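This structure is a prediction, so every number in the text was calculated from the model and none was measured. Labels below follow one simple rule: chain letters A, B, ... track the order of the sequence lines, proteins then strands, and each chain is numbered from 1.
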Number of protein chains: 2
Amino acid sequence: MVPPPDNDAPAALGRPTLRTVADDTGLSVSTVSRALRRPADSNATAALVHRAAQRLGYLPDPVAASLRTRRSGVIGMVAHSLTDIVQAIIYEQVDQVAVASGFDVLVAATKDDPAAQRDRVNLLVSRRVDGLIIADAHRDAAYADWVATLGVPYVLVMRNAPGHPAMVCDDEAGGRLVGEHLIAQGHRELALLTGPDYSAVSFDRARGFRAALADHGLAVSEQLTEFGGLHTASGQAGMERLLGRSREFTAVFCCGNDFAAFGAVSALQTAGLAPGQDVAVVGFNDVAAATPLGLTTVSSPQAELGELAARALLGAIEGVPPVGVVREPTLVVRASSSTPLAQMRSSR
Amino acid sequence: MVPPPDNDAPAALGRPTLRTVADDTGLSVSTVSRALRRPADSNATAALVHRAAQRLGYLPDPVAASLRTRRSGVIGMVAHSLTDIVQAIIYEQVDQVAVASGFDVLVAATKDDPAAQRDRVNLLVSRRVDGLIIADAHRDAAYADWVATLGVPYVLVMRNAPGHPAMVCDDEAGGRLVGEHLIAQGHRELALLTGPDYSAVSFDRARGFRAALADHGLAVSEQLTEFGGLHTASGQAGMERLLGRSREFTAVFCCGNDFAAFGAVSALQTAGLAPGQDVAVVGFNDVAAATPLGLTTVSSPQAELGELAARALLGAIEGVPPVGVVREPTLVVRASSSTPLAQMRSSR
DNA sequence: TTGAAAGCGCTAACAG
DNA sequence: CTGTTAGCGCTTTCAA
């Protein structure tokens, strides 16, 4: 016969568990578990247990609890890249709201790769996240549609996808603002540096821009359209290709983001053209460096969208169906586009 | 007498478990568990089990496994903020290396708040992370010392703390490079916009800068020292305070980072001073926007440090004690400091 | 209120 | 190689 385990033995090595606290207080594990989830002052036992737990340095084990309850107090956020400042800002807002409500946030970056999107989301779900914030949705909604089948509450943020709850900026309006502004400045030969088409964000901005031009009987020629992407390097390369083909434009809209615009500015400078003086340049997002650079750009309420997304998700976890929100962007005019065409150096 | 549970009953609703696969194949749970961890082609049973698992849509439950094995296949990274591009770059490298080795990464941002540092690390540890990457260490090593007591493998990155394995840039050398450069350009009245003193990074840069000046019998006066922080807003405010007090400087080193330098540039512009022409400006990190702005700065191998940290941590998890690495930075001279003092507009 | 007991899904001895 | 048995630490019926 094997001797019965000695339940009063001090817990082996390692962190104290409920058992440790139970043995210490002479109570049962279940009583301790309950007591710990009441306020410390609700009850004599609760007080006793909280004190003992404190003294013993007990910390709850969320993974054990999670195994049992099938919820984790964690929400997952999937971004395309956290080196994109906009995604980082959203992440930080989400984190802040979540932590204030007793949740924690796990992030995952996917680089917009569909395989990574599946893998990361599956991991998050395996880890029992109570909800998902999707910041890297694609226009073709296959990804978002799949997320919706998972049975986990979710909301999209920044990037829209048809038929899903999303907290987004009105990017088409943003594109229009830029188009109207440049036309008002006298520009007629307009170039466009696009962002990735799979993102509703850059797609809609380009559409709005084109729509504004169309309203004035103008258009961006094929010739003056190039891919500018989301990075300084891709923006620079795009502008170099553009310049290699034509200099018959007086303004360019970098609809991907300000970083692409920074790259475009570099390329223009290298080509001996002064942004704002020879070619007007407009970006999107109004990141910090846009100010000292004097870059005209469109400001969108990124932090607010992150906060809205987090709140909507927390609501969804409580059973309140999330409802999408669209916020309006504003144009921020700076030196890179504030000189009317007529006064620019090489205006034709 | 309670009837024995019907083990052959189909698993209730919900995801298939090992039990589901076991029942389906007529094998035991443990056999299935083992088979699933071998290659599918190692064995007739393994093949059978893998096929069944596939067919039933079985996905392993990492939280259950983690509860049992006390390891998770997850490494934790704690950063001060992911909106700091440098921290984001490090995160992405860590993530990449980790994922390639079958690990996943959980991030947490602390804003350098000690309470948040404890909370977030505790959370990560509760979630059974197999190792920790600390990117927000402080110079007073209380935080790092505490992390070391946790019994979880860890490495520091970017920010050093005495007595801990760290992958860092030689920031003092970086500060020296800046000092030598500005002196060589003819500057004698030098201002310093500091970063937070709790970060070894900005502290060491300031020290190196001062040491270089001292080598030439120069010094930064109290009068010309201001806090510039790590953000555009704080850099701008710092420069405004500086300008409010004195214009007797011809160059400024913003040792916090390039964002602080961007803020300083804005403040100078607002004051009617042209960076590079009236006042030389130098930043640190060489972020993307430094190029179009023509900001002189110091380039440090951030991505490499992230990669090194991840590899060192993975080694540490295997039992190989991590050893710190120091990488040398390089100066990148651009327009904001390339005009010698003698040729600058308001040189005295 | 409290405690005993069962079990979340998995892995790890230990026998066969 | 296989199955049996025992938990990991926690929550949650269910009785007392």
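- The interatomic distance linking A:Leu18 (CG) with C:dT2 (C1') rounds to 15 Å, in whole Å.
- Judged by distance alone, the side chain of B:Arg37 and the main-chain N or O of B:Ser33 form a donor-acceptor pair under 3.5 Å.
- Rounded to whole Å, the distance from CG on B:Leu59 to P on C:dC10 is 10 Å.
- The CZ-P distance, from A:Arg71 to D:dC10, rounds to 18 Å in whole Å.
- One finds the CD1 atom of B:Ile89 at 9.5 Å from the CE atom of B:Met158 (value rounded to the nearest 0.5 Å).
- Of the candidates C:dT2, D:dC8, D:dT11, D:dT11 carries the atom nearest the A:Ala65 side chain, counting heavy atoms from C-beta on.
- Residue B:Asp136 is tested with B:Arg159, B:Gln117, B:Gln87 for a side-chain hydrogen bond (donor to acceptor under 3.5 Å, both in side chains); the sole match is B:Gln117.
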Show the distances under 3.5 angstrom between N or O atoms of the protein and N or O atoms of nucleotides 3-6 of chain C.
{"residue": "C:dG3", "atom": "OP2", "partner": "A:Ser28", "partner atom": "N", "Å": "3.1"}
{"residue": "C:dG3", "atom": "OP2", "partner": "A:Ser28", "partner atom": "OG", "Å": "3.1"}
{"residue": "C:dG3", "atom": "OP2", "partner": "A:Thr31", "partner atom": "OG1", "Å": "2.3"}
{"residue": "C:dG3", "atom": "N7", "partner": "A:Ser30", "partner atom": "OG", "Å": "3.3"}
{"residue": "C:dG3", "atom": "N7", "partner": "A:Arg34", "partner atom": "NH2", "Å": "2.9"}
{"residue": "C:dG3", "atom": "O6", "partner": "A:Arg34", "partner atom": "NH1", "Å": "3.2"}
{"residue": "C:dA4", "atom": "N6", "partner": "A:Ser30", "partner atom": "OG", "Å": "3.2"}

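- With 3.5 Å as the limit, one finds a donor-acceptor pair spanning the side chains of A:Tyr198 and A:Asp112.
- The CG-P distance, from B:Asp23 to C:dG9, rounds to 13 Å in whole Å.
- Taking each heavy atom of B:Tyr91 and A:Val107 in turn, the nearest pair found is OH-O, 3.9 Å.
- A:Pro62 comes within 4.0 angstrom of nothing in the nucleic acid, heavy atoms only.
- A side-chain donor from one of B:His164 and B:Asp145 sits under 3.5 Å from a side-chain acceptor of the other.
- Two end axes, each from the C1' atoms of five base pairs, can be drawn for the helix from C:dT1-D:dA16 to C:dG16-D:dC1; they diverge by 40°, to 10 degrees.
- Between B:Arg38 and D:dT2 there is no side-chain N or O to OP1 or OP2 distance below 4.0 Å.
- In terms of phosphate contacts, B:Thr45 brings a side-chain nitrogen or oxygen within less than 4.0 Å of OP1 or OP2 of D:dT2.
- Comparing C:dT11, D:dC10, C:dC8 against the side chain of A:Arg70 picks out C:dC8 as the nearest.
- The side chain of B:Asn43 sits closest to D:dC1 out of D:dC10, D:dT12, D:dC1.
- Note: CG (A:Leu67) to C1' (C:dG9) measures 6 Å, nearest angstrom.
- Of the possible polar contacts, one joining the A:Thr17 side chain to the A:Arg19 backbone as a donor-acceptor pair under 3.5 Å is found.
- Within 6.0 Å of atom CZ in B:Arg118, more than 12 heavy atoms from other residues, nucleotides or ligands are found, so the atom counts as buried in its surroundings.
- The side chain of B:Tyr58 sits closest to C:dC10 out of D:dG9, C:dG9, C:dC10.
- For the pair B:Arg127 CZ and D:dG9 P, the interatomic distance rounds to 16 Å; values are reported in whole Å.
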Self-check item: Derivation of the salt bridge (charged side-chain N to carboxylate O under 4.0 Å, His left out) call for B:Arg127 and A:Asp104
Solution: CA-CA 11 Å; B:Arg127 305 224 169 255; A:Asp104 279 283; 5.4 Å; no
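- Checking the phosphate oxygens (OP1, OP2) of D:dT12, no side-chain nitrogen or oxygen of A:Ser33 falls inside 4.0 Å.
- Regarding A:Arg37, its CZ atom lies at a distance of 9 Å from the C1' atom of D:dC10, rounded to whole Å.
- Of all nucleotides listed (C:dC10, D:dG9, D:dT12), C:dC10 comes nearest to the side chain of B:Ala64.
- Between the side chain of A:Asp130 and the backbone N or O of A:Gly73, at least one donor-acceptor pair lies under 3.5 Å.
- As a whole-Å value, the separation of B:Leu36 CG from C:dA12 P is 14 Å.
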